[in-house]
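Below you'll find the structure, written out as structure tokens, and then a few comments.
Everything numeric in this text was worked out from a predicted model, so none of it was measured. Atoms within each ligand, like the ligands themselves, are counted from 1 in listed order.
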Amino acid sequence: MSPNPRSTPPLTHALPSYLQADNLGPWGIFLQQVDRVTPYLGPLARWVETLKRPKRALIVDVPIHLDDGTVAHFEGYRVHHNTSRGPGKGGVRFHQDVTLSEVMALSAWMSVKNAAVNVPYGGAKGGIRVDPLKLSRGELERMTRRYTSEIGILIGPSKDIPAPDVNTNEQVMAWMMDTYSMNQGTTATGVVTGKPIDLGGSLGRREATGRGVYTVGVEAAHHIGLKIEGARLAVQGFGNVGGIAAKLFAEAGARVVAVQDHGGSLYREAGLDVPALLAHVQESGSVAGFPGGEKIEDNAFWGVDCDILIPAALEQQITEANAGRITARLIIEGANGPTTPAADDILQDRNVLVVPDVIANAGGVTVSYFEWVQDFSSFFWTEDEINARLVKVMKEAFATVWQVAHENKVTLRTATFIVGCQRILRAREMRGLYP
Ligand code: NAD
């Protein structure tokens with residue numbers, strides 16, 4: 001067959017509507033972010049289309065027996081966005097609003113993040129569209145096991161390694177590890193990270209994302225002359241990421257003046273007692289009803305007088321509607337995708353420094369990488385070793401991103417995308433296309 005003459009239309013068709021950038025779900029936001037980085041990719045830009053299409057996406061039916069004897073069906077997903085640099089890596093989310101578009105975007109942000117901190121992984125993500133708070137422990141276990149079995153064709157210690165995300169934790173990872181191991185007939189601890197310590201988990205993993213948020217936050221604050229001691233902090237999401245980040249900032253002398261979670265919003269001018277609030281959340285599941293703070297309207301949370309804001313809940317929380325009201329000078333994105341591109345522009349015009357998700361919350365996957373390495377070598381490190389290595393990775397990655405932002409006069413988000421996407425596309429180019 002003769003090659004196509006240049007004048008013929010390209011054989012590649014336009015993307016279907018749900019994959020397009022003006023479809024402003026999380027995936028559309030990711031595509032807009034890719035468009036913003038493309039002018040900075042040089043000759044590698046010829047491969048940029050690779051980033052705009054997930055490598056593979058699996059939708060699975062997850063049927064389980066409920067405790068009352070009836071059968072319920074849930075929809076589950078696992079997406080590999082890109083595996084040019086290594087096996088897929090990314091969390092599993094249980095939430096009633098999970099969609100394929102969301103999981104695609106989360107997997108894509110994992111590709112960029114893993115490359116930005118230079119861990120040898122591609123990007124993946126999974127989820128089930130379910131409100132897990134409405135399930136009993138037995139139902140949760142059956143759903144987790146059936147989901148793990150259904151996505152078994154994609155996961156494996158050298159193929160794709162899930163981890164915790166919203167509403168999943170060490171116990172869920174233990175069930176996933178056990179289910180995969182039963183199906184394989186061998187105990188495969190390296191199939192997931194974020195496991196309990198007794199099952200090959202790593203010291204420091206539970207705190208790692210929050211610690212990473214804190215580490216890059218301190219670096220960024222230093223660059224803009226903002227002192228942590230006495231700084232006023234507002235935190236949205238008081239789970240694994242937000243709770244630990246708040247604790248570390250409070251220990252460094254910051255005042256956590258406002259918090260918000262799915263149950264409501266709290267304010268205390270003198271600063272909330274973070275350890276007491278963490279204990280309250282552990283017991284009751286939410287910040288709501290904590291006696292040491294004043295309840296405020298959820299919408300008022302965004303206008304609270306503060307120096308640092310940490311979104312650590314879900315996507316698309318900082319939008320055109322509230323970006324103009326934010327008083328913080330520094331935003332550190334603990335959550336994935338919390339800021340829309342339009343809000344990014346407003347914040348940039350207002351000189352608010354945004355440390356983007358793809359670097360700010362990379363501490364979790366960094367220690368997940370350490371966990372995976374420890375599982376493979378069956379040799380476990382001390383917590384001090386892990387924290388020291390984590391801080392080193394985060395500081396070096398942030399310094400690189402800061403320099404790239406400065407050289408190209410772009411935001412930290414675009415700079416992180418430059419660093420991450422160049423690494424992914426260089427790998428893509430060197431591997432070449434099969435066949
Ligand atoms: P988590 O389940 O431990 O906590 C989630 C928090 O968000 C809870 O406090 C919950 O109440 C709150 N929340 C949920 N819906 C909300 C709403 N509508 N309004 C306000 N708050 C709401 O989850 P997590 O692991 O802390 O994850 C939080 C974010 O951090 C997610 O975007 C996740 O993708 C990201 N992240 C997590 C990790 C990790 O290691 N766990 C790593 C990187 C990024």
Starting from atom 30 (O) of ligand 1, which protein heavy atom do you reach first, and at what distance in Å? Gly334 O, 3.4 Å

Closer than 3.5 angstrom, by distance alone: can the side chain of Asp261 be matched with the main-chain N or O of Val287 as a donor-acceptor pair? yes

What I want to find out is whether Lys247 reaches Glu207 closely enough, with some N-O distance under 4.0 Å, to be called a salt bridge. no

If you measure from each non-hydrogen atom of Glu333 to ligand 1, which part falls under 4.0 Å: side chain, backbone, both or neither? neither

Roughly how far apart are Thr189 OG1 and Tyr180 OH, rounded to 0.5 Å? 11.0 Å

Between Lys113 and ligand 1, is there a nitrogen or oxygen pair with a distance under 3.5 Å? no

Could you tell me whether His95 and ligand 1 have an N or O pair separated by under 3.5 Å? no

Heavy atom of the protein closest to atom 34 (O) of ligand 1 (residue, atom name, distance): Asp165 OD1, 2.6 Å

Using a 4.0 Å cut-off to any heavy atom of Gln236, which atoms of ligand 1 qualify? 19 (N), 20 (C)

Tell me, which protein residue and heavy-atom name are nearest atom 41 (N) of ligand 1, and how many Å apart are they? Asn240 OD1, 3.6 Å

So, taking the atom named CG in Leu353 and the one named CG in Leu347, what distance separates them when rounded to the nearest 0.5 Å? 10.0 Å

Closest protein heavy atom to atom 17 (C) of ligand 1, given as residue, atom name and distance to 0.1 Å: His262 CA, 4.2 Å

Go through ligand 1 atom by atom and flag the ones less than 4.0 Å from a non-hydrogen atom of Arg93. 31 (C), 32 (O), 33 (C), 34 (O)

At under 4.0 Å between heavy atoms, is it the side chain or the backbone of Ala312 that contacts ligand 1, or both, or neither? backbone

Just do the side chain to side chain contact (heavy atoms under 4.5 Å, CB included) check on Glu333 and Val358 with the steps written out, would you? CA-CA 8 Å; Glu333 293 185 339; Val358 276; over 6 Å; no

Main chain of Leu140, side chain of Thr144: is a donor-acceptor contact present, judged purely on distance under 3.5 Å? yes

Under 4.0 Å from any heavy atom of Asn167, which atoms of ligand 1 are there? 2 (O)

Among all the protein's non-hydrogen atoms, which is closest to atom 4 (O) of ligand 1, and how far away is it? Gly239 CA, 3.4 Å

Is there side-chain contact between Ser368 and Tyr121, with heavy atoms separated by less than 4.5 Å? no

Going by the atom numbers of ligand 1, which of them fall below 4.0 Å from some non-hydrogen atom of Arg205? 40 (O)

Nearest to atom 27 (O) of ligand 1, what protein heavy atom do you find, and at what distance? Val166 CG2, 3.7 Å

Give a yes/no verdict on whether any heavy atom in Glu315 is under 4.0 Å from an atom of ligand 1. no

What do we get for Asn361 next to ligand 1 when only non-hydrogen atoms under 4.0 Å count, side chain, backbone, both or neither? both

Protein heavy-atom partner closest to atom 29 (C) of ligand 1 - residue, atom, separation in Å: Ala313 O, 3.2 Å

Could you grab the distance from atom CD of Glu141 to atom OG of Ser136, nearest 0.5 Å is fine? 10.0 Å

Does the N or O separation between Gln317 and ligand 1 drop below 3.5 Å for any pair? no

For the NE2 atom of His280 and the CG atom of Leu278, what is their distance to the nearest 0.5 Å? 11.0 Å

Under 3.5 Å between some N or O of ligand 1 and some N or O of Val241? yes

Does Glu315 pair with Arg93 as a salt bridge, N-O distance under 4.0 Å? yes

So, Asp67 and Arg137, do they make that salt bridge, N to O below 4.0 Å? no

For ligand 1, is there an N or O atom under 3.5 Å from any N or O atom of Gly237? no

In terms of side-chain heavy atoms, does His73 have a donor or acceptor partner in Asp61 at a distance below 3.5 Å? yes

Please write down residue, atom name and distance for the protein heavy atom closest to atom 15 (N) of ligand 1. Leu314 CD1, 3.5 Å

For residues Gln374 and Ser202, is any side-chain donor paired with an opposing acceptor at under 3.5 Å? yes

